[in-house]
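Scope of the values below: all heavy atoms of this structure, side chains included, with no hydrogens, waters or symmetry mates. Just so we're on the same page: letters track the sequence lines, and every chain starts at 1. The shown structure was predicted, so the numbers you read here are calculated from the model rather than taken from an experiment.
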There are 2 protein chains.
Amino acid sequence: MMAKYKDIGIKLTPQRLAILGYLEGNKAHPSAEDIYNDLHAKYPTMSFATVYTTLATLRAKGCISELSIDPDKKRFDPNTSDHNHLICTSCKRVVDITVPFDLTLPEDSASDFMITGSHVEFFGICPECKKNNRYSREDMEKCV
Amino acid sequence: MMAKYKDIGIKLTPQRLAILGYLEGNKAHPSAEDIYNDLHAKYPTMSFATVYTTLATLRAKGCISELSIDPDKKRFDPNTSDHNHLICTSCKRVVDITVPFDLTLPEDSASDFMITGSHVEFFGICPECKKNNRYSREDMEKCV
DNA sequence: ATATCAGATAATAATCGTTACTGTCAACAG
DNA sequence: CTGTTGACAGTAACGATTATTATCTGATAT
């Protein structure tokens, strides 16, 4: 479960609560811009910088994770538990998946790295884009 | 094997040949900046823009792939065959690996996506960083 | 050879995501 | 009550990338 500010010893401010609340249970993997746009309606004074610094703080404290899945912008995930992602290469939708196989790399293929983590991404076209034919051949060849 | 310009019907220019040659067999997964810096010595007139557009062209033609592995900048890989990456979270070194398991996702976990590709990343600390103690606790917790 | 034309390039400007800086304000401590 | 600390908004700065524009090159037709 996601840790709260009080658990990690940083001050509970309206802005931080807003971002934390926005993220909690959010499955959309929003970008900083998404977060700003959505919260701006309710908190008209909140600035971009606050969103960025708050996200950085949360990430440093391990409350959220930052995803490099989207080549254009970072996206944030309140789910810090071990899970993986399925990405629509057309609309950039990201959905969580759990991979049904064991990702332990054999010693001999690890090139002497000390392995600290792993991540699997699946790329594809989501049902909506498929239904509406909202994808190109190029989309289908994307797999970053 | 990597397709050549002549095979894909685009003009062979000195700049394109230079970038293609630089990339060929290159295992370092360089960024656009790396490429520019290294080629600039030999081709003093080549600009950033040329590097970017050439890389975009090559990518569109499927000659190279663009990696979103590094949160700060795109990196390029002449190896377009199916392979995966092992990333040092301290020095950002990227080495190729082939994963020893089958990455076919069962129907029921695919959320109705039409799957077009997959990619596995392993994160860790490379032998050099490990030996020189050139890594922090934070590095060890990075797994984008 | 020379004119023409298409595409490639250099240089630069613009854009986008992100970070740094600065002045202000509020909460709390002494 | 006053000094200190941290958070914030606003804005400037920055780095990576993309768009624009004018120039150049090389192939072809004349």
Side-chain angles (χ1 to χ4, degrees), chain A residues 4-6 8-22 29-61 63-77 92 94 138 142 144, chain B residues 4-6 8-22 29-61 63-76 92 138 142 144:
Chain A
K4 295 293 193 313
Y5 278 106
K6 59 182 174 188
I8 57 173
I10 64 174
K11 204 184 283 184
L12 282 162
T13 66
Q15 292 84 352
R16 288 179 174 177
L17 282 172
I19 291 177
L20 195 62
Y22 180 83
H29 308 78
S31 65
E33 194 186 2
D34 295 333
I35 296 170
Y36 173 78
N37 287 339
D38 288 352
L39 289 180
H40 199 254
K42 203 169 182 179
Y43 303 83
T45 68
M46 183 155 26
S47 74
F48 262 114
T50 300
V51 173
Y52 278 109
T53 56
T54 301
L55 289 170
T57 306
L58 286 172
R59 178 172 155 278
K61 295 292 183 179
C63 300
I64 62 174
S65 50
E66 184 182 290
L67 310 178
S68 294
I69 282 176
D70 187 331
D72 296 330
K73 50 182 68 167
K74 292 174 191 164
R75 297 175 65 159
F76 295 87
D77 191 344
K92 305 287 184 73
V94 176
E138 203 198 333
K142 280 180 203 155
V144 185
Chain B
K4 293 295 193 311
Y5 278 104
K6 56 181 174 187
I8 57 173
I10 65 176
K11 205 184 282 184
L12 282 163
T13 66
Q15 291 84 354
R16 288 180 170 173
L17 281 171
I19 292 177
L20 194 63
Y22 179 82
H29 308 79
S31 65
E33 194 186 3
D34 295 333
I35 296 169
Y36 173 77
N37 287 340
D38 288 352
L39 289 181
H40 199 254
K42 203 167 180 181
Y43 302 84
T45 68
M46 184 156 27
S47 72
F48 261 114
T50 300
V51 174
Y52 278 112
T53 56
T54 301
L55 290 170
T57 305
L58 286 172
R59 178 173 154 276
K61 296 290 183 180
C63 301
I64 62 173
S65 51
E66 184 182 291
L67 309 178
S68 293
I69 282 175
D70 188 330
D72 295 331
K73 51 182 68 165
K74 292 173 189 163
R75 297 175 64 160
F76 296 86
K92 305 287 185 71
E138 203 199 334
K142 280 180 205 157
V144 184

- Message: Please pick, from dT9(C), dG17(C), dT17(D), the nucleotide with the shortest atom-to-atom distance to any side-chain atom of A32(B).
- Response: dT17(D)
- Task: Without swapping roles, check the side chain of R16(B) against the backbone of K11(B) for a donor-acceptor pair under 3.5 Å.
- Result: yes
- Message: Whether S31(A) contacts dG17(C) is assessed here as follows: a side-chain N or O lying under 4.0 Å from the phosphate OP1 or OP2. Is that the case?
- Response: no
- Kindly say if Y52(A) contacts the phosphate of dT19(C), meaning a side-chain N or O under 4.0 Å from OP1 or OP2. no
- Item | Value in whole Å for how far the P atom of dA7(D) lies from CG of L58(A) | 12 Å
- I19(B) has an atom CD1; how far is it from atom P of dA8(C), in whole Å? 13 Å
- Take the protein atom CG of L55(B) and the nucleotide atom C1' of dA8(C), then report the distance between them rounded to whole Å. 15 Å
- Do the non-hydrogen side-chain atoms of T50(B) and S47(B) ever get within less than 4.5 Å of each other? yes
- side chain to side chain contact (heavy atoms under 4.5 Å, CB included) partner of I19(A), the single match among I64(A), T57(A), L55(A), T13(A): L55(A)
- Closest listed nucleotide, where the reference is the side chain of E33(B) and the choices are dA10(C), dA16(D), dT18(C): dA16(D)
- Item | Nearest-nucleotide pick for K73(A), side chain only, options being dT9(C), dG17(C), dA11(C) | dG17(C)
- Task: Specify the separation, in whole Å, of atom CG of D72(A) and atom C1' of dT15(C).
- Result: 12 Å
- Query: In whole angstroms, how far is the C1' atom of dA10(C) from the CZ atom of R16(B)?
  - Reply: 14 Å
- Query: What is the distance, rounded to the nearest whole Å, between atom NZ of K11(B) and atom P of dA6(C)?
  - Reply: 12 Å
- Query: Taking only side-chain nitrogens and oxygens of K74(A), does any of them come within less than 4.0 Å of OP1 or OP2 of dT19(C)?
  - Reply: yes
- dC14(D) P sits how many Å from F48(B) CZ, rounded? 16 Å
- Roughly, in whole Å, what's the span from CD in Q15(B) to P in dT25(D)? 10 Å
- Message: Check whether T54(B) reaches the backbone of V51(B) with its side chain - one donor and one acceptor, N or O, closer than 3.5 Å.
- Response: no
- Message: With heavy-atom distances below 4.5 Å as the criterion, would you say the side chains of K92(A) and D72(A) are in contact?
- Response: yes
- Query: So does T45(B) get a side-chain nitrogen or oxygen closer than 4.0 Å to the phosphate oxygens (OP1/OP2) of dA10(C)?
  - Reply: yes
- Query: Within the structure, does a side-chain N or O atom of T53(B) lie under 4.0 Å from either OP1 or OP2 of dT9(C)?
  - Reply: no
